[in-house]
Number of protein chains: 2
Amino acid sequence: MNSSLDIENFLKDFSCNCKNVQKKSFRKNQTITTYIQKRNQVCILLSGAADLVRYDLNGDKSIIEHFSKNDIFGEAFYIVTTNNELSVEAKKNCEVLFFIYDNIYQKCRNNCKFHQILSANFSNLILNKVMDLNTRIEILTKRTIREKLRGYFNILSTRSLSKTFILPFSLTDLADFLSVDRSAMMRELKSLKDEGFIKKNGNRITLLYK
Amino acid sequence: MNSSLDIENFLKDFSCNCKNVQKKSFRKNQTITTYIQKRNQVCILLSGAADLVRYDLNGDKSIIEHFSKNDIFGEAFYIVTTNNELSVEAKKNCEVLFFIYDNIYQKCRNNCKFHQILSANFSNLILNKVMDLNTRIEILTKRTIREKLRGYFNILSTRSLSKTFILPFSLTDLADFLSVDRSAMMRELKSLKDEGFIKKNGNRITLLYK
DNA sequence: TGATATTTGTTGCTTTTGCAACAGAAAAAG
DNA sequence: CTTTTTCTGTTGCAAAAGCAACAAATATCA
């Protein structure tokens, strides 16, 4: 989306005096927010990287979403149920903008530039989000670990316009992202290597098939 | 979302003379659209039910999304890759509105009511979509068939405000939706029944746990 | 209504995945 | 620079899931 460039520039040095819009910084491994019903919070990640994670009753961790620069997230996009605790964890040092959803289309008292540009760009930000979510679902609906890996690798390859690309995850996190057991995934990665489908150096992957 | 009521009323008897907005009818099992890169088509399902499906190289079918009344979909929300064919299939007779994404925020020549209301409500329509997608991901990230079933049943129970609810799918389609083998799912359903977690009559399910 | 197609329910067997555990490599912290 | 922590790579075994096949029940269609 070329429109993300507009947003990027404006977010970099936004200023708004509304008490409803806040910019906060987080250090790696801190919890940025926990999803709570009815608060309707929306966040934009200005810099850094973060994951939306769920710990289920067995203590298994799932990475529900992976956020990087300019991604939008927050409980406003979620129907929060009682069965699971969702929280957003900083994977690197992060800067995050917080506001509430109701606020987006309301003109703020100051009629500040932030609100103007935000409401103009909100749909595009969400559209990007929808595309990411659809991509994620595409991968998760694949039946086997092998297909998930190949599906994800294809996407990364397409995005980087190259057969070679760098995984945006540690292998441990990749397993959580694909929602599979890490050791099983490692086994499958090894088979893919042995059978000549991929080449792997650390987290640099090269696809060897068409 | 209470805002969906506005949309519902206006969609029911919309009229727009733009050549870029079309309303079409489909019979059960017809293909409503196939996703093609760059066309940027957006669709709103006015009535009926439809599924976004993918057939992979092995011929396995996955239901990527399930659409009901007032759901929004289309290739504009997708990064279409070469590896898979995505199409939307009518599960019942359907009425569908077609237009292109660029069109949403452009004022049409006629400045018609449709475009006015659509741009005002587009964000809410997408927001609902994001919530659905997030819900779907929640379920797909569960590790076992049992957890997927229970996760999905919890959601249906919450939505219907009751321990008893009707599955919106045939069991065959439910398996495709959860992206698992049907016979394995049936086995798991049987265990859930035998162990006293659920009661099942056709596609009416009752949860027996807390 | 009768014929045809689809869905449900079930099972034996095979393959895949998850689990647990551990050693070595790499990265982070002090 | 050394220690501590996290990540990678691997394995044997157990559990879960997929596959194939079929009969019975339902639904659809002509």
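We name chains A, B, ... by the order of the sequence lines, and we start the count at 1 in each one.
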Evaluation steps, side chain to side chain donor-acceptor pair (under 3.5 Å), between B:S179 and A:T141:
CA-CA 5 Å; B:S179 210; A:T141 52; 4.8 Å; no

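- Atom pair A:L167:CG and D:dG9:C1' shows a separation of 15 Å (rounding to whole Å applied).
- Taking the side chain of B:T172 as heavy atoms from C-beta on, and the options C:dT7, C:dG18, C:dT16, the nearest nucleotide is C:dT7.
- Atom P of nucleotide C:dT16 and atom CZ of A:R146 are separated by 8 Å, given to the nearest angstrom.
- Taking CZ of B:F165 as the reference point, atom CG of B:L207 lies at 4.5 Å (rounded to 0.5 Å).
- No hydrogens or angles were tested; on distance alone, a donor-acceptor pair under 3.5 Å links the side chain of B:S183 to the base of D:dA20.
- With hydrogens and angles left out, the side chain of B:R182 and the base of C:dG9 share a donor-acceptor pair within 3.5 Å.
- Both B:N29 and B:S179 lie near DNA chain D, and the one whose nearest nucleotide falls closer to the 5' end is B:S179.
- Across the protein-nucleic acid pair, B:E147 atom CD and C:dT17 atom P stand 17 Å apart, rounded to whole Å.
- With C:dG18, D:dA17, C:dT17 as the choices, the nucleotide that has an atom nearest any side-chain atom of A:E188 turns out to be C:dT17.
- Nucleotide D:dT26 holds its C1' atom 15 Å from the CG atom of B:N201, rounded to whole Å.
- A:N93 has its CG atom 12 Å from the P atom of C:dA28, to the nearest Å.
- Separating the CD1 atom of A:I145 from the C1' atom of C:dT17 is a distance of 6 Å, rounded to the nearest angstrom.
- Checked for salt-bridge contact, A:E195 and A:K190 miss the test: no charged N lies under 4.0 Å from a carboxylate O.
- Here the P atom of nucleotide D:dA27 and the NZ atom of B:K28 are 11 Å apart, to the nearest Å.
- In this model, the phosphate group of D:dG9 is approached by a side-chain N or O of A:K200 to a distance below 4.0 Å at OP1 or OP2.
- Note: CE (B:M186) to C1' (C:dT8) measures 5 Å, nearest angstrom.
- With salt bridges taken as basic N to acidic carboxylate O contacts below 4.0 Å, one links B:R54 and A:E138.
- Under the 6.0 Å cut-off for aromatic ring centres, B:Y152 and B:F177 qualify, their centroids lying closer than that.
- Ranked by how close their nearest DNA chain C nucleotide is to the 5' end, B:L171 and B:A184 are led by B:L171.
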